[in-house]
Amino acid sequence: MTRMKSIGAAFAAVLLSSVAAHAGDVRIMWYSDGGEGEVIKDLLARFSKANPDVNVILDEVSYDVIKEQLPVQLEAGQGPDIARVTNLKALAPHWLDLRPLLADAKYWDDNFGAQADWMRPDGSDAITGFMTQLTLTGGFVNKTLFEQAGVEIPGPKATWDDWAAAARKVADSQKVFAMAIDRSGHRVTGPNISYGANYIAADGKPAPLDQGAKEFLSRFVKWNEDGTVNKDVWVSAAGTTYRSAAEDFINGGLAYYYSGSWQVSAFAQKIGDSFDWVMAGSPCGTVACSGMQGGAGLVSVKYTKNPKDVAKVMDYLANADVQKEFAERSLFIPAHKGVAAGPVDFKTDNPHVQAALKAFVESAGQTAAAAVKLPGWKWSDAYYSAIVARISQVIAGEMKLDDAYARIDEDIKAKVGGN
């Protein structure tokens, strides 16, 4: 009988996922942004009923465990059999090539091929997993607060400066924070690129932090200093730890929140009819109005003792009907090409959700070329982590901004080393 175990404590989850699997065991390390954990449990329960010889164990963990502790396990040659991760390319040497184990590798190439390079070593044709969803960063607006303040919501070509000015008016009127951006290097990269940033040098290695990135980061620091942005989001955590501002938005404490499409499910559940909200794309910089594409991938780990069973589980989860149901119930933009091309009936009667998902799909066309390259670039996470660690220190008053720029370059060089 399948066991799908929900682990509350991160430490316990890490210990469990490090235990060597027995014959027939497939251990999945899974994190959730919204309600997708309940959906995957239902889907796996059906698999288990049809495949009693495979014992699926679902370890639900926090995103911090995925980001901070899973890489340590992998470096030690340990970890779960399957994991849901966002740092796909840099950890690609640890993923299992499923191609020789799958029932129909061509099906995978046809339906998941567009993002396959995001999660495999450079130059490889390995099939290591699939994207559980495609995501795009963008801004969420508390429409009710704007209306109560009598402030017009900026239009589609509004700049970051325009949004900051409008949100400050709302904040002053309604006694809330004007803006927040998740504590994430990925989250500030779209804005950086909109001001002309390019992280990738001609040789494919990281370029020094350029003026485009500094144009936005200097603004972001200033907004933290003058109270436009809720600085607690970036100073309440240490190092490279991720911190979302979703709860601040859900609780009605933010006029404008820059995050991404993965938040829609949680907003649908938690905001309800408390206030009206809309998705407003990505603000413009001097050269673009770009968000960042991405998503979480479900990947197989090469240290598994049961590769055939892993492939069996992955084949089931990649099935078009399963993918369609997962997307519709989770309120995610599907990554499966066939599913995305057909009608997707998102399971919600919330008009805010339907409008937000439609807006995200439309905004995807504005993604700048420099942003499109980053999901498949092996040094993206090194760049993101350096930005988070050093800009947080500036916001906390521990470092000058110019010194932080220099340290970001040094941190990235140290990560790259001789690679």
Side-chain angles (χ1 to χ4, degrees), residues 21 26-30 36 39-40 42-44 46-48 50-51 53-54 56 58 66 74 79-136 262 293-330 332-344 364 372-373 375-378:
V26 174
R27 189 179 289 278
I28 304 174
M29 182 185 280
W30 180 275
E36 67 268 32
V39 181
I40 200 70
D42 284 352
L43 296 171
L44 288 172
R46 290 179 216 162
F47 170 86
S48 299
N51 299 274
D53 57 321
V54 181
V56 181
L58 187 72
I66 298 290
L74 296 173
D81 300 289
I82 297 170
R84 187 179 189 224
V85 300
T86 56
N87 187 10
L88 295 158
K89 193 69 167 185
L91 297 176
H94 300 290
W95 308 149
L96 172 70
D97 183 5
L98 294 165
R99 185 175 289 277
L101 302 169
L102 297 169
D104 183 359
K106 185 178 184 300
Y107 167 86
W108 283 69
D109 288 335
D110 290 345
N111 289 290
F112 299 109
Q115 288 80 40
D117 192 52
W118 293 7
M119 58 189 88
R120 62 190 177 198
D122 287 337
S124 167
D125 72 344
I127 297 174
T128 61
F130 60 85
M131 301 301 292
T132 58
Q133 85 275 37
L134 292 181
T135 62
L136 184 71
W262 58 92
Q293 295 178 358
L298 195 67
V299 293
S300 50
V301 177
K302 73 179 184 182
Y303 311 117
T304 180
K305 302 296 191 297
N306 302 309
K308 290 183 180 179
D309 290 330
V310 166
K312 196 172 185 179
V313 173
M314 294 291 279
D315 254 334
Y316 164 77
L317 292 174
N319 176 273
D321 290 340
V322 174
Q323 286 284 300
K324 187 173 189 292
E325 181 177 344
F326 181 79
E328 290 177 341
R329 292 177 59 190
S330 299
F332 284 157
I333 300 169
H336 185 289
K337 183 178 179 180
V339 172
V344 180
V372 172
K373 296 176 182 177
W377 187 50
K378 69 182 294 186

**Student:** Decide side-chain contact (heavy atoms from CB on, under 4.5 Å) for Lys337 and Asp110; before the verdict, give the C-alpha distance in whole Å, the side-chain angles of both, and the deciding distance to 0.1 Å.
**Tutor:** CA-CA 8 Å; Lys337 183 178 179 180; Asp110 290 345; over 6 Å; no
**Student:** Which atom names give the shortest non-hydrogen contact between Val339 and Pro334, and what distance separates them?
**Tutor:**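 The answer is CG1-CB, 3.8 Å.
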**Student:** Any idea which heavy atoms bring Arg120 and Ala92 closest together, and the distance?
**Tutor:**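 Shortest heavy-atom contact: C-CB, 3.5 Å.
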**Student:** Is there a side-chain contact between Val344 and Lys324 (heavy atoms, below 4.5 Å)?
**Tutor:**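 Val344 vs Lys324: side chains apart.
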**Student:** With side-chain contact (heavy atoms from CB on, under 4.5 Å) as the test, would you mind laying out the steps for Val310 and Leu98 before giving the verdict?
**Tutor:** CA-CA 9 Å; Val310 166; Leu98 294 165; 4.3 Å; yes
**Student:** Partners of Phe112 by ring pair (Phe, Tyr, Trp, His ring centres under 6.0 Å), sequence neighbours excluded?
**Tutor:**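 Ring pair (Phe, Tyr, Trp, His ring centres under 6.0 Å) check on Phe112 returns Trp108, Phe130, His336.
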**Student:** Please list all pairs meeting side chain to side chain donor-acceptor pair (under 3.5 Å) that have one or both residues in residues 87-96, counting only residues at least two apart or in different chains.
**Tutor:**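 Sorted result for residues 87-96: Glu75-His94, Asn87-Asp381, Lys89-Asp117, Lys89-Asp122, His94-Tyr303.
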**Student:** Under the side-chain contact (heavy atoms from CB on, under 4.5 Å) rule, what do Leu44 and Leu317 come out as? Steps first, then yes or no, please.
**Tutor:** CA-CA 8 Å; Leu44 288 172; Leu317 292 174; 4.1 Å; yes
**Student:** How long is the straight-line distance from OG of Ser330 back to CG of Leu43, given to the nearest 0.5 Å?
**Tutor:**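 It comes to 8.0 Å.
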**Student:** Can you see which heavy atom on Met314 is nearest to which on Gly129, and at what distance?
**Tutor:**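 Nearest pair, atom of Met314 first, then Gly129: CE-CA, 3.6 Å.
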**Student:** With a 3.5 Å distance limit and no angle check, can you tell me whether Lys302 reaches the backbone of Pro93 through a side-chain donor-acceptor pair?
**Tutor:**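 Confirmed, Lys302 side chain pairs with Pro93 backbone.
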**Student:** How close do Phe326 and Val39 get, counting heavy atoms only, and between which atoms?
**Tutor:**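 Smallest heavy-atom distance, with atoms named: CD1-CG1, 3.8 Å.
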**Student:** Taking only residues at least two apart or on different chains, which pairs with a member in residues 311-321 satisfy salt bridge (Lys or Arg N to Asp or Glu O under 4.0 Å)?
**Tutor:**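 Sorted pair list: Asp53-Lys312.
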**Student:** Got a donor-acceptor contact below 3.5 angstrom from the Arg99 side chain to the Asp125 backbone?
**Tutor:**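 Looks like yes, one N/O pair under 3.5 Å.
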**Student:** Do Leu88 and Gln115 have side-chain heavy atoms sitting under 4.5 Å apart?
**Tutor:**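 No. Closest side-chain heavy atoms not under 4.5 Å.
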**Student:** With a 3.5 Å distance limit and no angle check, can you tell me whether Asp104 reaches the backbone of Tyr107 through a side-chain donor-acceptor pair?
**Tutor:**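 A pair under 3.5 Å: yes.
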**Student:** Any side-chain heavy atom of Ile333 within less than 4.5 Å of one from Gln133?
**Tutor:**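 Contact flag for Ile333/Gln133 side chains = no.
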**Student:** Could you tell me whether the side chain of Met29 reaches within less than 4.5 Å of the side chain of Ile66, counting heavy atoms only?
**Tutor:**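 Yes - at least one pair of side-chain heavy atoms lies under 4.5 Å apart.
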**Student:** Closest approach of Asp97 and Pro100, non-hydrogen atoms and distance?
**Tutor:**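 Shortest heavy-atom contact: O-CD, 3.6 Å.
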**Student:** What is the minimum heavy-atom distance between Phe332 and Thr132, and which atoms define it?
**Tutor:**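 Shortest heavy-atom separation between Phe332 and Thr132 comes out as CD1-O, 4.4 Å.
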**Student:** Checking side-chain contact (heavy atoms from CB on, under 4.5 Å) against Ile127, which of Asp109, Leu96, Leu101 comes through?
**Tutor:**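 In the set Asp109, Leu96, Leu101, the residue that makes a side-chain contact (heavy atoms from CB on, under 4.5 Å) with Ile127 is Asp109.
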**Student:** Supply the atom-to-atom distance Leu298 CG to Ile28 CD1, rounded to the nearest 0.5 angstrom.
**Tutor:**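 Between atom CG of Leu298 and atom CD1 of Ile28 there are 6.5 Å.
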**Student:** Check step by step if side-chain contact (heavy atoms from CB on, under 4.5 Å) holds for Glu36 and Trp262.
**Tutor:** CA-CA 10 Å; Glu36 67 268 32; Trp262 58 92; over 6 Å; no
